[in-house]
Every structure is written in C-alpha cells, then in structure tokens.
Trainee: 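There's a structure below that I have some questions on.
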Amino acid sequence: ADVKAPNREGVLLKYTNYMKGFQSRYFVLRDGTLSYYRSKEEVNHTCRGTLVLVNAEIKTGVGLNFIVGVAGASSHHGQSYHLRASSDAERISWIGDLQLAKQYASNKRMERRVSSSQVPPASPKPASSEKQASTSRPSEDLSDDEFFSDEESELLANPQLPANVDLQHAAANITTSKKMLQQAVLELEALTPVEASPQLEAVHTALKHLNTSVEGFVSLSEDHQSHWHQLFMSSETKRNALADALESLADDHRHLESTARRVTLAGSVDDEFFDAVPKQDLATVTEASPPEASVAADAVFEIETRNTIPYKPDKKVSLWGIMKNCIGRDLSKIPMPVNFSEPISFTQRLAEDCEYYELLDTAVRETDPHARLALVSAFSISSFASGAWRTGKPFNPLLGETFELDRMATKGFRIVLEQVSHHPPICAMHATSKNGWTFWQEFSMNSKFRGKYLEVVPTGISHVIFEESADHYTWTKVSTTIHNIIVGKLWLENAGKMTIANHTTGDTCHLHYTSYSIFSSSPARQVLGEIKDVQGKVKYGLIGTWDEAMFRHTPGNPDSGRVPLWQRHDHLPNFEHMYGFTKMALESNQFTPHENGCAITDARFRMDKNLMEQADYDMANRAKQLLEEAQRFRRRQYEKTKTSWSSRWFELRPDPIEQGRQTYQYKGGYFEAKAANDFTAHELVDIYDISPVAGKDKEAAEKAVQAKLVNAWNP
C-alpha cells in the first residue's frame, strides 16, 4: 500500500535555550519536511528552521517530550528539535505522522531511483557512419550519464555499498511504532477503568501507525525486488553498448590521425579546423586576451553556457566581529573578507538589470503607450528579482574595471559597464538593442550600517529610450535593507515609492514597494502601482511581488482584467548552494566565444573573485589584499606624476532630463575597438597587474595570476 504524505499544522513547545527553556512554536509538516515558525502569522514569510525527514531520527522522550533530528546531530547546531506536546495522545499522534512523513519521503526517493534506472541507454554510433560528425566530439559516446545512472555508477564502483537504506528506515519505523504501542499499553494497564478511557485513544493511534508502518515495509520490499531486477538486467546491455562505443571511438581516433597527417602535408589548417571562422578573422581569434576560441565573435550561433559552479563551502566567520567597529560608516569603505561576498563583481551584478530584456523588446512593439509604460515598469521591478535569496555582497569594483556582455548575435543586445569613480563609487552602464531600445544608467548609492541592518539608498538615474516612438523613461531605484546582521537569518527587502516617468508623453507610473509587517495580511514583497496619463487619470493598475511576477489590471479592481507582464525565471537546480545565482549570473563569470577579444580590464579576469568561485576562500582573501595594494600603488604613482585616471568609455555630460545634473554617459568606441582587436588608442590600464606588490605574498600572487583565466571557455 502506498504511504500518503501526512500534512498537518499545530502548536508544540520547542526547547530554545537554558534561560528560556521550552517556548511555544507553530510547526508545519508538509511533503516530508518539518518547518517551524514563531507564530501562525509567520507561515507565509519567515521560516525559523526546517528539517528534511528522509534521514531523520524520531525518538520518544520523558513524559510528553520527543526529539526530531538528523542522525548524530547536536541540538547546538540547529539540527535537532526537542519538542513537547500538550498531551500523550497528541505526542503519539505527532510521532506517528512524523514517521509516516519520513516513510513518504523515503518512498519518493526510491521512486526517483527506480525511474532513473529505467531510462534506456542511447545507442552508440556505428563505427562506419558519419566520420566527420563523430570527429567533432570523439568522446561523446563515452559519457557516463549516457550509459549509467548515478546509482548504477556508485554500485559498480563499490559493490558493498548498502542500497537498502530506505528499507532499513521502514524497518526502523516498525520498531518505533511497536515501542509506542508497548508504552501506551503499559500506561493503560496502570490505570483504573475510569482513567483508561482517554488513554484508549493513544493506543488506537499507536495501532494505526504500526499497521501503516508494516504496510509501508511490505510495499517497499516489493519495490526493491523489482528495482534490483531491472537494475541488474540492464547492466549487460549497457556494458555491450559501452564496448561498441569504445570501438567507434578507436575508429574516430584513427580518422583524426589520418586527417592530421593530410593537413600537415598540405601546410594549412584553415579549411579543416576553422570552417566556422572567416579567414580574415583568424588573427582576432588567436591574438585575443581571453582563451582562444575557434569561432568568430560576431557569428550568429547559440552556445551552451554553464549551469553550475563549485558549491559554496560552509565557512563560519563572525560578521559581528567585523562590523561592530563599522557602525555608521559607508558600506563601500568597510574592508570585508570574501566570506560575506558572492563571487561576482558589482559591475556584473548591475548588468543583471538586463536579465529580462524581453520586456523592453515587447514594449517597443506595443502600440498602447500606457501598456508600454506598464512593461517598462515591470522591467524596472525585475532588476530586484534575485535579491530575495541573494544576500551576499558583490565585490567592490576596482577603478577602471569594465564588464561587457555581448549577446547581439543571439539575443539582440549588448552591454558595457565601467567603474568610473572610486570615491564616491559610481558605475556607469550602457545597453543597446538591435530591436530599437537603449538602456543606460549611472549607479551610485549612499549606504550605512545601522547596527542591526544595512541600508542602501540608490542615487543614480536609469534611462530607457525607444527609437521608433521617441519615448524617454527615467526612474531611481528604491532603498534596499538587509536585516538580521547580528543575529538570525539574513533577509532583504526593497521598500519605498518609485516613479517611472515617460518624459515624451507625460504619462507616469507610481509604484509602492510595501514594507514587511507582522500585522499586515498583504503578501510579502508586494508591489502596487498605477499608470496615469498626462491629465492624471488612472489607465491601469499594477499588482504583484518584486521577486515573483507582476500583472496589469483594471483600475480599482485587482481581480479584473488581469494581464501578466513579467514572471521570474525558474531557479537553477541547487541554486541555493551556488550563492543563489541565476543563469545570467553564472554566465557573467564565464569566458565564451562572444567575449573573445574583450578589454584587459574586464571583470572576468578578476582573480580574487575567481578564486572564491573555486571555493578557495583563504587564497581569495590574500589575492584581494594584493589587488587592493596594487590599486593604492597606482594611486600613489598618479600623485607623484601629478596625473589622474580618467574613464575610457564614459564621460560627464549634462543629464538630458534633470537640469543642472552631470551624469556619466557612454561616449562609444568599446565594441569598435574590440572588433578591431586593438585597444591601444585607449591606453587601458592593467588594473589586475599585481607585480609591483607581488613580493608581499608570492604564493598568493602566483595563484592569482593562474586564476585570471580559470573560467576559460571549454565547450
């Protein structure tokens, strides 16, 4: 019989600490996971802790107490919950449901394993067919993923590995249920007939859970028998397929050797290996600063970028120990170890404002000016989307640091950014699209540490211009606050009011990012808005959340005429172990053929960030110190020579909208220099040159130089 997931909610007492003892908490059991909150009102937004029950131990305690925790874990590390029920019947009921939830999670894991083992192996290519196709990827037929599932590979590597963990869990459930029943019966025998009536309910519950545990054990036994039969029956077929693939690989290898000999005799490799690159572009390909790529940077092609990076290591550092002396200081001036960062520079993080560029593509084609403004407003909101789960601080850019993201050939847009000022920190950005829009902004901010939270107040202006309609939109982002700096789980909120104005038509959109409140019934992270024409008449309403989705609706009635504007992209698998990165964030640290020939100041070369991404935090901190020392060295050189650094790609001009304000605007030339593979006229400063200070830490200097190209393109 299938075990169904028991879902329940209720109040239990949870042991907190020696001083406070047991405190009332609201627990939610759902889909094999136990979570708890301070109160029922917190269920939709502030989870205080979660345990996945598939590997948990559930133990009875003294009196009304019981314990739920990961095997071998200590409560001091938050992996074990010491709980107390209000009655013996409630305690037995909770323990029974927890056992069923654990069994349910275990069964689901077993179903996934059986499902994965049933995928038929791909047939290898015949050795005699399509030699050119197999030459391009000679090892394709040897992929482990293609022939053996993760479970099969593990069993083949270690035949003694016990594969019946789920069955053991089911047997343990029977033992626990039996003990519960025995205890309930013993307590029943000690009672008088009058007192025994309430205890009968506990005995009945224990019997029910024992019966369910036995049924689950029988069901799992049958599943295991079928699973092992399928697993071993498919092994011989897969081994035969692997042997055929090896034979095909040998033929491909002989073919490659023959081709190489012919090419050597002919004295040219152009036609054989560089058929995807025009001959006049070969110099650009081979002389580029990033790793060599055998594809033209402006060719129209899709590339498969990475979907994973090394997981974030569990390194504990006291944030309070660093921040206690920084209260009231500017966040950009606080020396922070990489442990509190994410392996990405702020230039790259700001480029993520274009992650949902399709909104502007759609807005350009929209004929209704008010619906067009609604799409631009959704675009401005989408820039906050990943902030709900990313609380790491981006690396402060070095002065002169640039970042390019050239997706003109595949997505129709490209971006260039530059850190144009160090004090105050200012980053300038310019994005353009072949679909008829330009997006540029100068990002600066005021940031303060307030003891319990960090507050970031943006001061720069964002501009969007549409060529065909001549619409010119502007806005300034709302404030961002990071809470629980000292104690508790970090969480971030964007709050305040923001206006997106169309200076061509006079239409405006007024947005309100609501603050979190335990007394509010509104959804967390909610955004409300109104689209008004030049006379102030409301044309559309907006509703949604800045981390999920936004909708347009009939004015005054959020449930009428709803039109979806924007939906957040799905999370990558295991994104929580990769700093919460989105797909675009993962791409931004990777050299692809599109970045072939980028400037030597590009953020992808930054060594401390790259070492952190490789999970080498200690070396990343040392490389960070060398980069900062090198930057101070350059500043002293400027002072000695009475010169100063100046922006290469942006210049101060009068803001076209705000009178009397000077803003950094793109002066052009970057992508032209890149296409010509010649930046000499722009006199770029190698901001990653640490040779003048390398003697202070020779080992870190050597590792840092190697880390420049750690994310080289490797198709």
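It should be emphasised that the depicted structure is a prediction, and the values quoted were computed from it without experimental measurement.
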Trainee: Who pairs with H510 by side chain to side chain contact (heavy atoms under 4.5 Å, CB included), at least two apart in sequence or on another chain?
Mentor: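 Listed in chain order: T499, T508, K532.
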Trainee: List the residues meeting side chain to side chain donor-acceptor pair (under 3.5 Å) with T438, not counting sequence neighbours, and say none if there are none.
Mentor: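 Checked T438 against side chain to side chain donor-acceptor pair (under 3.5 Å); zero matches.
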Trainee: Ring centroid separation for Y666 and W440, is it under 6.0 angstrom?
Mentor: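 Ring centres of W440 and Y666 not closer than 6.0 Å.
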Trainee: Tell me, please, which residues at least two apart from F413 pass ring-ring contact (aromatic ring centres under 6.0 Å, His included).
Mentor: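 In terms of ring-ring contact (aromatic ring centres under 6.0 Å, His included), with neighbours along the sequence ignored, F413 is linked to Y357.
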Trainee: Would you please name every residue forming a side chain to side chain contact (heavy atoms under 4.5 Å, CB included) with A549, sequence neighbours left out?
Mentor: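 Residues passing side chain to side chain contact (heavy atoms under 4.5 Å, CB included) with A549: F551, Q567.
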Trainee: Which residues pass the ring-ring contact (aromatic ring centres under 6.0 Å, His included) test with H571, sequence neighbours left out?
Mentor: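 Checked H571 against ring-ring contact (aromatic ring centres under 6.0 Å, His included); matches are W389, F575.
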Trainee: Using ring centroids (six-membered ring only for Trp), state whether F605 and F591 fall under 6.0 Å.
Mentor: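 Yes, the ring of F591 comes within the 6.0 Å limit of the ring of F605, centre to centre.
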Trainee: Got a sec, which residues hit salt bridge (charged side-chain N to carboxylate O under 4.0 Å, His left out) with R38, two or more places apart in sequence or on another chain?
Mentor: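 Result, salt bridge (charged side-chain N to carboxylate O under 4.0 Å, His left out) vs R38: none returned.
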Trainee: Distance under 6.0 Å and angle within 45° of the ring axis: does R414 meet both against F671?
Mentor: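 Flagged: R414 positioned over aromatic ring of F671.
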Trainee: Is the number of heavy atoms from other residues, nucleotides or ligands within 6.0 Å of CG (D570) greater than 12?
Mentor: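 No - once you tally the heavy atoms of other residues, nucleotides and ligands closer than 6.0 Å, there are 12 at most.
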Trainee: Would you say the side-chain atoms of N621 pair up with the backbone N or O of V338, donor to acceptor, closer than 3.5 Å?
Mentor: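 Here the side-chain-to-backbone pair exists.
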Trainee: Quick one: ring-ring contact (aromatic ring centres under 6.0 Å, His included) partners of F403, sequence neighbours excluded?
Mentor: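 Partners of F403 by the ring-ring contact (aromatic ring centres under 6.0 Å, His included) criterion come out as none, since no residue qualifies.
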Trainee: Just to verify, which of V478, L511, I381 counts as forming a side chain to side chain contact (heavy atoms under 4.5 Å, CB included) with W546?
Mentor: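 Result for side chain to side chain contact (heavy atoms under 4.5 Å, CB included) with W546: I381.
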Trainee: State whether a side-chain donor-acceptor pair under 3.5 Å links S39 with E42.
Mentor: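 No - no donor-acceptor pair under 3.5 Å links their side chains.
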Trainee: If the test is side chain to side chain contact (heavy atoms under 4.5 Å, CB included), which one of I344, N589, L611, L627 qualifies with R606?
Mentor: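 Checked I344, N589, L611, L627 against R606; only one passes side chain to side chain contact (heavy atoms under 4.5 Å, CB included): L627.
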Trainee: Taking only residues two or more places apart in sequence, or in another chain, which ones meet R306 in a salt bridge (charged side-chain N to carboxylate O under 4.0 Å, His left out)?
Mentor: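 So R306 forms a salt bridge (charged side-chain N to carboxylate O under 4.0 Å, His left out) with E613.
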Trainee: Are the side chains of S386 and R349 in contact, using a 4.5 Å heavy-atom criterion?
Mentor: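 Result yes, sub-4.5 Å side-chain heavy-atom pair found.
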Trainee: K14: which residues meet the side chain to side chain contact (heavy atoms under 4.5 Å, CB included) condition with it, sequence neighbours left out?
Mentor: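 K14 satisfies side chain to side chain contact (heavy atoms under 4.5 Å, CB included) with R25, F27, Y36, Y81, L83 only.
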Trainee: Apply salt bridge (charged side-chain N to carboxylate O under 4.0 Å, His left out) to E355 and list each qualifying residue two or more places apart in sequence or on a separate chain.
Mentor: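 Listed in chain order: nothing, the list is empty.
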Trainee: For S35, give me all partners under side chain to side chain contact (heavy atoms under 4.5 Å, CB included), at least two apart in sequence or on another chain.
Mentor: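 Scan of S35 (side chain to side chain contact (heavy atoms under 4.5 Å, CB included), adjacent residues dropped) gives T33, Y37, C47, T50.
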Trainee: With sequence neighbours excluded, what pairs up with D697 under the salt bridge (charged side-chain N to carboxylate O under 4.0 Å, His left out) test?
Mentor: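 By the salt bridge (charged side-chain N to carboxylate O under 4.0 Å, His left out) rule, D697 matches R622.
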